[in-house]
A.B. asks: 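Have a look at the structure that comes next, please.
Because the structure is predicted, anything quoted here is derived from the model rather than measured.
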Amino acid sequence: MIKSGALFFFLFALLTTVFHVQSSSTPFNFTTNSSSPLPFNSITIDSSISASNQTSNSNSSYWLSPSGVFAFGFYPLCYNCDQYNVAIWINRPSSEVVVWSNNNNEQPIYSGSSIQLSQDGVFTIQLADSTTKPLFNYTLGPAAYALMQDTGNFVVYNSDSNIVWQSFDHPTDTLLQGQTLKPDERLVVPNTDQKLIMQKYGNLELIEIREHYTDDELIMGMYVQGKPYLSEDIKWQSKTRREGGGVVLNLDSTGHMNLVDKAGIVIKKLTKGDKKHNKGSNGNLETTIHRATLESDGVFRLYAERIAPPTTHESKSSVLLWESYCKKCHQREEMLFDVEVSIGWSFLACLLFILLVCPGCC
C-alpha cells in the first residue's frame, strides 16, 4: 500500500513538472520561422498607411526608416492638391527629395487610398474608388514583413527572412549609394524621352528618343510630307564597350561612381568622390547621402545630400558633385569653334585680297 502511494505521488510530480515546462515555453511565432525578434520599425501583417491631407501632422501616410532619414508611402504631388504617388523620399524638413516612385500607378492617387500588408502576404493598394490591386507587379513569394532601411532600400521579406522584393532591384530615375545599375537596367524620367541604359555590351549610354521625318515626296505633281519615325540618339556615353559585357554601374558611400566588370575590377571612374568631411559647421555629425539622378533636362547628375542632426537647426541641401553634361564646357567649346571659324575666314579674306591687289606676289 505504501509502495503504490509513493508511485502515485511520483507520477503526479512528473506530470506537474512536464506541464509547467510546456506552459512556460515560448509560443510559436506565426510571423517568421526565425526565433530572433523582428528588426526595429518592421512592417508586419495587417500594417497599413493611408493617403491623407498633407497639412495634418500625422505620419500615418508613410513608414519611416529606423533613423527617420527615409520614408516610404504616399508622397504629395503638390501642396494641398490631394494628389499622391507611392514613393520613397529623403525625409528632410527643408527640402524632401524623391528617390523612387511606383510606376505602376499611371494616374494620381487621392485621399482615402491605402496600402496594406494583407494576411495572404501581399502588399495591396486600395484606391479611393475601392479598387484593390497588388502594389508590386511581382514578388518571389508571400511576404511576412518589410522594412524601410536607412539605405533608402524598401525590402520585403518572407517568413524565413529571405528577400522577396526590394526597391533597389527596380530603380526609377535615381541610384542611391550602395545600389548598382545592372546590364539591361535603366533609369527613366517619367513623361520624357530621356533614359540612361547600362547596355549588355558594357557601355553606359544616355539616350534621347527623337522624332524625325523622311524626305518629302513628289506624288502626282504634289509634295507630300515625309512619314514620321523615331530614333534613339546617344547624348552621352561611357565608352566602355567590352567583350562579354557584365559591366555594372556602382555608386558607393564615398560618392565614387564607377563602372565595374564581372571580376569586380573598376574599368572606369566617372567621379572623384566626395571629399567633404561629414561634419556640420558647429562640429555636429551630419548624415551624407549620395544619389545619382537622371533629370528632366536629360542630364545625369550626382548629388551629396547633407542632412543635419535633428538636434541642430542647420539648413542642409543638395550639393552637385558631377554631371554628365557640362553647360559651361559646351559653351566654351562653341566659343572656341566660333573663334577658329572666324580666324579661318579672316585668313581666306586676307589671301583673296593679296591675290587681287598683287597677283604676282604669290
A.B. asks: Students often mix this up, so state it plainly: with edges at 30° and 60°, are the rings of Y145 and Y157 parallel, tilted or perpendicular?
C.D. replies: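 Correct class here is parallel.
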
A.B. asks: Does any N or O in the side chain of D297 come within less than 3.5 Å of the main-chain N or O of V299, such that one atom is a donor and the other an acceptor?
C.D. replies: yes

A.B. asks: Give me the atom names and distance for the closest heavy-atom approach of M198 to K182.
C.D. replies: CB-O, 3.4 Å

A.B. asks: On a heavy-atom basis, which atom in S101 and which in T172 lie closest, and how many Å separate them?
C.D. replies: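 So the minimum-distance heavy-atom pair works out to O-CG2, 3.0 Å.
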
A.B. asks: Are V189 and V99 linked, directly or through other ILVMFWY residues, by side chains that come within less than 4.5 angstrom of each other?
C.D. replies: no

A.B. asks: Grab the two heavy atoms, one from D169 and one from E185, that are nearest each other, plus how far apart they are.
C.D. replies: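 Looking at all heavy atoms of both residues, the closest pair is O-OE2, 3.9 Å.
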
A.B. asks: Sequence neighbours left out, what pairs pass salt bridge (Lys or Arg N to Asp or Glu O under 4.0 Å) with at least one residue falling in residues 190-206?
C.D. replies: K195-E232, E205-R241

A.B. asks: Determine whether R301 and T293 make a side-chain contact, defined as any pair of heavy atoms from C-beta on separated by less than 4.5 Å.
C.D. replies: no

A.B. asks: Name the orientation class of the two ring planes belonging to W165 and W100 (parallel below 30°, tilted from 30 to 60°, perpendicular beyond 60°).
C.D. replies: perpendicular

A.B. asks: Evaluate L302 against L251 for side chain to side chain contact (heavy atoms under 4.5 Å, CB included), listing each step before the verdict.
C.D. replies: CA-CA 10 Å; L302 174 65; L251 174 60; 3.8 Å; yes

A.B. asks: Could you give the distance from NE2 (H256) to NZ (K269), rounded to the nearest 0.5 Å?
C.D. replies: 6.5 Å

A.B. asks: Just how far is it from atom CG of D46 to atom CD of Q119, taken to the nearest 0.5 Å?
C.D. replies: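 The CG atom of D46 sits 4.0 Å away from the CD atom of Q119.
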
A.B. asks: Is there a donor-acceptor pair under 3.5 Å between the side chain of S167 and the backbone N or O of F154?
C.D. replies: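 Answer holds: yes.
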
A.B. asks: Can you hop from L140 to I45 via hydrophobic side chains spaced under 4.5 Å?
C.D. replies: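 As far as the 4.5 Å side-chain criterion goes, I45 and L140 are connected within one cluster.
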
A.B. asks: Decide yes or no for F168 and I163: does some side-chain heavy atom of the first lie under 4.5 Å from some side-chain heavy atom of the second?
C.D. replies: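 No, their side chains stay 4.5 Å or more apart.
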
A.B. asks: Spell out, as yes or no, whether a donor-acceptor pair under 3.5 Å connects the side chain of N153 to the backbone of Q166.
C.D. replies: no

A.B. asks: Do S318 and R291 make a side-chain contact, defined as non-hydrogen atoms from C-beta onward lying under 4.5 Å apart?
C.D. replies: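 Touching, per the 4.5 Å side-chain cut-off.
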
A.B. asks: Is the side chain of N91 donor-acceptor paired with the backbone N or O of A71 at a distance under 3.5 Å, no angle test?
C.D. replies: no

A.B. asks: If you look at every heavy atom in L204 and L259, which pair is closest and at what distance?
C.D. replies: CB-CD2, 4.3 Å

A.B. asks: Check for me, please, whether I197 and L270 land in the same ILVMFWY cluster - side-chain distances under 4.5 Å, paths through other members count.
C.D. replies: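 No, I197 and L270 fall in different hydrophobic clusters.
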
A.B. asks: Can you tell me how far CD1 of I289 sits from OG of S253, rounded to the nearest 0.5 angstrom?
C.D. replies: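 It comes to 12.0 Å.
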
A.B. asks: Hey, is the main chain of A263 close enough, under 3.5 Å, to the side chain of D261 for a donor-acceptor pair?
C.D. replies: yes

A.B. asks: So, does S42 use its side chain to make a donor-acceptor pair with the main chain of L147 at under 3.5 Å?
C.D. replies: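 Not a single qualifying donor-acceptor pair exists.
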
A.B. asks: T180 versus V260: any side-chain heavy-atom pair under 4.5 Å?
C.D. replies: no

A.B. asks: Distance-only, no hydrogens or angles: does the W89 side chain make a donor-acceptor pair with backbone N or O of Y75 under 3.5 Å?
C.D. replies: no

A.B. asks: Same cluster or not: L127 versus I49, using hydrophobic residues (I, L, V, M, F, W, Y) connected whenever any side-chain heavy atoms lie under 4.5 Å apart?
C.D. replies: yes

A.B. asks: Over all heavy atoms of both residues, which pair between V164 and N158 is shortest? Give the atoms and the distance, please.
C.D. replies: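 Smallest interatomic distance, heavy atoms only, reads CG1-CB, 3.8 Å.
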
A.B. asks: To check you understand the geometry: which heavy-atom pair defines the closest contact between S52 and S60, and what is its length?
C.D. replies: OG-OG, 4.4 Å

A.B. asks: Keeping the roles fixed (side chain from T271, backbone from G255), state whether a donor-acceptor pair exists under 3.5 Å.
C.D. replies: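 Checking the backbone N and O of G255 against the side chain of T271, a donor-acceptor pair under 3.5 Å is found.
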
A.B. asks: Between CZ of R186 and CG of L181, what distance do you get to the nearest 0.5 Å?
C.D. replies: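 Separation between the atoms: 9.5 Å.
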
A.B. asks: Before giving the answer on side chain to side chain contact (heavy atoms under 4.5 Å, CB included), spell out for I207 and Q199 the whole-Å C-alpha distance, their side-chain angles and the decisive distance to 0.1 Å.
C.D. replies: CA-CA 11 Å; I207 292 174; Q199 300 286 13; 4.0 Å; yes

A.B. asks: Is F74 reachable from V156 through a run of I, L, V, M, F, W or Y residues, each pair having side-chain heavy atoms under 4.5 Å apart?
C.D. replies: yes

A.B. asks: Got V86 and F72 here, is their nearest side-chain heavy-atom distance under 4.5 Å?
C.D. replies: yes

A.B. asks: Can a donor-acceptor pair be found, under 3.5 Å and without considering hydrogens, that links the side chain of S159 to the backbone of A144?
C.D. replies: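 Such a contact is absent between S159 side chain and A144 backbone.
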
A.B. asks: Please test M148 against N41 for side chain to side chain contact (heavy atoms under 4.5 Å, CB included), starting from the C-alpha separation and ending with a verdict.
C.D. replies: CA-CA 8 Å; M148 179 67 257; N41 274 26; over 6 Å; no

A.B. asks: Supply the atom-to-atom distance K268 NZ to L249 CG, rounded to the nearest 0.5 angstrom.
C.D. replies: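 These two atoms lie 12.0 Å from each other.
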
A.B. asks: Distance alone, cut at 3.5 Å: any donor-acceptor contact between the side chains of S118 and D120?
C.D. replies: no

A.B. asks: Can you tell me how far the CG atom of L206 sits from the CD atom of Q237, to the nearest 0.5 Å?
C.D. replies: 10.5 Å

A.B. asks: Are any non-hydrogen side-chain atoms of K133 and L135 less than 4.5 angstrom apart?
C.D. replies: no

A.B. asks: Do N203 and S238 have side-chain N/O donor and acceptor atoms under 3.5 Å apart?
C.D. replies: yes

A.B. asks: Spell out, as yes or no, whether a donor-acceptor pair under 3.5 Å connects the side chain of Q177 to the backbone of H290.
C.D. replies: yes

A.B. asks: Run the side chain to side chain contact (heavy atoms under 4.5 Å, CB included) test on Y84 and S113 for me, step by step, so that the C-alpha distance in whole Å, both residues' side-chain angles and the decisive distance to 0.1 Å come before the verdict.
C.D. replies: CA-CA 9 Å; Y84 305 84; S113 302; over 6 Å; no

